[in-house]
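First up is the structure itself, then whatever we jot down about it.
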Amino acid sequence: MGKEKVLITGGAGFLGSHLCDRFIKEGYHVVAMDNLLTGDIENIAHLMGHPDFEFQHHDVSKYVHVSGKVKYILHFASPASPIDYLKMPIQTMKVGSLGTLNCLGLAKDKGARMLIASTSEVYGDPLVHPQTEDYWGNVNPVGPRGVYDEAKRFQEALTMAYHTYHGLETRIVRIFNTFGPRMRLDDGRVLPAFISQALRGEDLTAFGDGSQTRSFTYVDDLVEGIYRLLLSDYAHPVNIGNPDEITINEFGEEIIRLTGSKSKIKYFDLPKDDPKQRKPDITLAKKVLGWEPKYTRSKGLEPTLEYFKKKVLG
Ligand code: UDP
């Protein structure tokens with residue numbers, strides 16, 4: 001009997017490619033779909049030629065076809081860093097709306113279970129701290145980040161509609177800042193920016209006064225949380241993230257120390273609507289998935305630094 005099929009959109013991206021690895025390891029046949037707008041074929045090069053792996057170069061915002069039975073669909077395609085979705089606002093909105101609609105239609109047709117990649121951005125610049133799943137958020141729909149935040153909020157609403165109206169099996173993960181090997185060096189996010197600057201001996205570019213906070217999750221922990229959520233019977237949104245909160249200033253100092261760099265931190269304007277604080281409340285994930293992060297930030301930074309050293313220093 002053939003293996004059960006999993007479709008992973010954004011399969012050549014940072015998170016998508018790690019999910020491809022996990023599902024191959026779990027004994028599935030993986031179809032990775034990506035239009036390579038922000039994804040990189042190098043992230044899945046090691047899977048090419050594997051008998052249980054196929055790559056479809058396709059934009060999920062256009063009609064999606066996958067042959068045969070499909071067990072699971074994981075919709076991870078989207079520009080996901082602030083500079084990417086500022087550069088590609090329409091594509092970001094299309095993949096979150098039309099892309100989600102196409103995946104949901106496919107899931108309905110195939111009787112597949114569908115998991116969507118939502119985000120802590122649905123909380124916007126949060127007025128509740130730490131963020132619980134029942135907080136509705138503080139998002140500026142017409143601000144620069146609105147294209148991503150509102151696409152993801154629409155994505156959640158559409159997914160719940162398919163769940164309640166069509167009885168489709170759906171799962172919603174709200175992903176907090178995640179890091180690890182295969183992040184794009186130039187995606188503009190704070191971790192690749194700081195690490196590459198520190199390795200090159202350049203000043204670190206902190207935005208604002210650096211007092212804003214984030215909570216960073218190592219990618220293997222995230223993948224484990226997503227896998228557990230997919231197999232669970234919980235259809236409402238679940239936060240997956242590491243609650244260890246740090247200011248951007250402290251994070252810069254940590255990167256300088258870990259890389260042994262002589263770089264200093266320099267300050268630049270804070271981008272509009274940049275959230276001042278972010279930290280997941282993971283009570284729900286603990287309760288319904290028995291999940292909590294296993295990697296401390298420093299443990300996760302070890303393989304991440306190795307990866308970036310190869311990229312930056314060759
Ligand atoms: N940031 C920074 N310097 C950079 C890139 C980002 O100080 O070179 C800040 C950014 O303003 C934000 C935080 O780091 O407050 C995290 O930004 P990132 O783009 O990684 O993701 P976000 O959590 O904002 O989606």
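When reading the values below, keep in mind they use all heavy atoms of this one structure, side chains included, and skip hydrogens, waters and symmetry mates. As the structure is a computational prediction, the values presented were derived from the model and not from experiment. Just follow the structure's listing: the first ligand is 1, and inside any ligand the first atom is 1.
- In this structure, the side-chain hydrogen bond (donor to acceptor under 3.5 Å, both in side chains) partners of Ser120, at least two apart in sequence or on a different chain, are Arg278.
- Salt bridge status for Arg228 with Glu224: present, with a side-chain N to carboxylate O gap under 4.0 Å.
- The pair Arg145-Glu121 meets the salt-bridge criterion, since a charged nitrogen lies less than 4.0 angstrom from a carboxylate oxygen.
- In this structure, Lys299 does not pair ionically with Asp221, as no charged nitrogen and carboxylate oxygen lie closer than 4.0 Å.
- Checked for salt-bridge contact, Asp84 and Arg184 meet the test: a charged N lies under 4.0 Å from a carboxylate O.
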Between ligand 1 and the protein, give all atom pairs where both partners are nitrogen or oxygen and the distance is under 3.5 Å, as lines of names plus distance to 0.1 Å.
from	atom 1	to	atom 2	distance (Å)
ligand 1	3 (N)	Thr205	O	2.5
ligand 1	7 (O)	Phe207	N	2.7
ligand 1	8 (O)	Thr205	O	3.2
ligand 1	8 (O)	Thr205	OG1	2.9
ligand 1	11 (O)	Asp274	OD2	2.6
ligand 1	15 (O)	Gln212	NE2	3.0
ligand 1	15 (O)	Arg214	NH2	3.3
ligand 1	15 (O)	Asp274	OD1	2.6
ligand 1	15 (O)	Asp274	OD2	3.4
ligand 1	20 (O)	Val190	N	2.8
ligand 1	23 (O)	Asn177	ND2	2.9
ligand 1	23 (O)	Arg214	NE	2.6
ligand 1	23 (O)	Arg278	NH1	2.7
ligand 1	24 (O)	Arg145	NH2	2.9
ligand 1	24 (O)	Arg214	NH2	3.1
ligand 1	25 (O)	Arg145	NH2	3.1

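- Ion pairing between Arg153 and Glu156 fails under the 4.0 Å rule for side-chain N and carboxylate O.
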